[in-house]
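Structure first, commentary second.
Within every chain, numbering begins at 1; the chains are lettered A, B, ... in the order of the sequence lines, protein sequences first and strands thereafter.
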Amino acid sequence: MIAISGLTKRYKDVLAVDDASFEVPTGSVCGLLGRNGAGKTTTFKCMMGFARPQSGEVRFDGELLTPKTFEKLGYAPERPSLYGWMTVANHLELARRSQPSYDDARTRELLATFRLDGRKRVKRLSKGQQTALGLILALSGNPSLLILDEPASGLDPVMQRVVLDILIDAATSGATIMLSSHQIGQIDRAADRVVIMRDGKVVVSGEIDALREASRVVEATFEFVIPDLGSLADEMRVERSGKSVRLHANGRADAVAARCGALGAVGVRVLDRSLEDLFLDAVDDGGTH
Amino acid sequence: MQYVEMLRARRVLTWYCGLLLAVFVIVALSFYSGHTHMSDDRSPDQRLSDLLRICAFGAMIVATCMAPGLNAESSTLAITWTRPAPRAAIAWRYIAVDAVTIVIAYVFTVAVALAFLAMFGAAGHLTFDAAIPSALLNVFGVTLMWYGLVTFVTARMDGRGGLVSGLSWAAFSIVGGLWAAPFPPLLHGLITFLDYFNPLTYFHNVTSSHHAGNDVLNLDPSLLTLIAWCFVAVTLVATVRLWSTREV
C-alpha cells in the first residue's frame, strides 16, 4: 500500500505540490493524471526521496522510505535515467549486483519481449528502447511496489500494449502500482484507481468505477418548457439548453432520472461518462474547454 | 553499486596505461634504433623518493579523471539512489574505487618510470633513501586533496564535473605561479589566500632543501603533508554530505 498524506513541496515561490493526500491499496493500479506542471513528477520525486517536501509524509506498506524499501520498490522516471556509455548488459549487471531480489530469468524474459540487444550501448538505443530498458530495470527485482512516470512514453503502440499487460499482470500478482501518463486511454485500460492533480492539488481521487458512477449525467427533454426543478436545482449542477436540461446527478442518476420523469420529461437518458470526461472536468480552469 | 565507478575506472586506466605504454614503446623503439642517446653527464645516484615524487603527476592526472564520478551521477540518480543502500555508503564506495584506481595508476607510472631507467641503464643508480615513506605520504595527500577539492566543488552541480576537473589544472598552476609575481600587497594577499587551497602548495620535495610550494606557507614539510591530508578528510566528508543530501 502507498499512502501519501499532506504532501507539500514548494520551489521558491512555486507551490508544486499543495497538501496532496491519497492512498493506493495493495494490488491496485493507480493512474496519476494532470496537465503539464500539475505536480505529478514532483509528487513522484517526493515519494522517491529525490526532493524533500516541506510537509507531509509518504508511507510504503506503512513504513517511511528507507534504503531497504528499494528492495521491494521499483521506479522508472519520466526520462530514462541510464548511462549512455554503458551497454544494456552492463545495466543488467548493475541491477544484479545491487538488487538482492534481482530475478535473472524474469529480466531475460523482459529483454526478449522488448527485443533489446544486450551488447548495444545505451546511447545507440532509440528513445523507446531506452524507455523499455528503464522499465526492465524497474521490474528486474520483481518489486511489490512500482512507481512509473510515463512508462510507455516513446514506445510504439504494440509495445505500449505490452507494457500495460505487464503492469496488469504484476498487479494481478499483488503488486501495487502507481503510474502517470498523458494518454488517458492507457490509464483507463490498466488502472482501477485514479488521482487527478491540478495546480499541485489533488482534485479527484478514488476508484475509477465509483467516480464514473458518481459522475453520471441525467439528460431530460421536456415538451414545451423546462419546469421548476425544485430541490434538484439546489442539489446539483444543472445545465439548461432550450427544452433540455442536463443534471450532474452526483451518484444518484437513477433517482434523478425518476424525478425528471415525474416532472413530465418526454425523454430521459442517463449518460455514462468516460475517464477523459472526468479528467477534463477536473482540470477545467473555467476557460480551457 | 560501485560497479558503475569500477567500469569508469577501467576505462580511465585503460586509456592512461595505454598512453603511457605507447610513449614507452615509441621511446624504446627510438632508443634501440639508435635515434636516442643517453647523455654521459648524468648524475650517478638517483634517489627513489625523487622518482616517486615525479610520478605523482601520473596519479594527479588519473585523480582528476576520476574526481567527477559522483558528479557524473547527477543525470542517473534515479538509478543510483533507488538501490537498497544508504546514499552516503554509495558515495564512500565510489570514493574508495577512485582511491584504488589512483593507487593503481601511480604504481603503473612508477613501474613505467623504472622501465625507462632500466632501458637507459640507469636503474642501478637508484638508491633507496629514508625519505620514501614521507614522499609517498605527501604524493597521496596532495593527489587526494586535489581529488577531494574537485569532488567537493562539483558535488551538487548538474554535470560539467569534467570541465571543472580539467580547469582545475589551469587554476592551480596559474595561482601557484602567480604567487612569486611582484603584485601589489592586496592582490598578493589574495593570491596567497587562494594558494592555501592549492594542492600544489603542499606538494614538496622531501629530500630537497628547496620546496616547490612551502614558501607560501613556510611550514615544515611534514606539516604540509598533514594539512593536505586534513583537506582530504574535510573535503571528502563534505562531498559525501552534499551529494547524498542534494535534491533532484
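For the pair B:P84/A:P67, no side-chain contact is recorded, criterion being any heavy-atom separation below 4.5 Å from C-beta on.
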Report the donor-acceptor contacts between chain A and chain B below 3.5 Å as a table, one pair per row.
{"residue": "A:K9", "atom": "NZ", "partner": "B:E247", "partner atom": "OE1", "Å": "3.4"}
{"residue": "A:K9", "atom": "NZ", "partner": "B:E247", "partner atom": "OE2", "Å": "2.8"}
{"residue": "A:K45", "atom": "NZ", "partner": "B:V248", "partner atom": "O", "Å": "3.4"}
{"residue": "A:G49", "atom": "O", "partner": "B:R87", "partner atom": "NH1", "Å": "3.4"}
{"residue": "A:G49", "atom": "O", "partner": "B:R87", "partner atom": "NH2", "Å": "2.8"}
{"residue": "A:F50", "atom": "O", "partner": "B:V248", "partner atom": "N", "Å": "2.8"}
{"residue": "A:R52", "atom": "N", "partner": "B:E247", "partner atom": "OE2", "Å": "2.5"}
{"residue": "A:R52", "atom": "NH1", "partner": "B:T245", "partner atom": "O", "Å": "2.7"}
{"residue": "A:R52", "atom": "NH2", "partner": "B:T245", "partner atom": "O", "Å": "3.1"}
{"residue": "A:S81", "atom": "OG", "partner": "B:S75", "partner atom": "O", "Å": "3.2"}
{"residue": "A:Y83", "atom": "OH", "partner": "B:E73", "partner atom": "OE1", "Å": "2.5"}
{"residue": "A:Y83", "atom": "OH", "partner": "B:E73", "partner atom": "OE2", "Å": "3.2"}
{"residue": "A:Y83", "atom": "OH", "partner": "B:T80", "partner atom": "OG1", "Å": "3.3"}
{"residue": "A:N90", "atom": "ND2", "partner": "B:Y3", "partner atom": "OH", "Å": "3.2"}
{"residue": "A:S98", "atom": "OG", "partner": "B:R83", "partner atom": "NH1", "Å": "3.2"}

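Residue B:L186 qualifies as open at atom CG: its count of foreign heavy atoms under 6.0 Å is 12 or below.
For A:M86, the part lying under 4.5 angstrom from a heavy atom of chain B is the side chain only. With a threshold of 4.5 angstrom between heavy atoms, B:L77 approaches chain A through N, CA, C or O but not through any side-chain atom. If you measure heavy-atom distances from B:A78 to chain A, the contacts under 4.5 Å come from both the backbone and the side chain.
The side chain to side chain contact (heavy atoms under 4.5 Å, CB included) test applied to B:V107 returns B:V103, not counting sequence neighbours.
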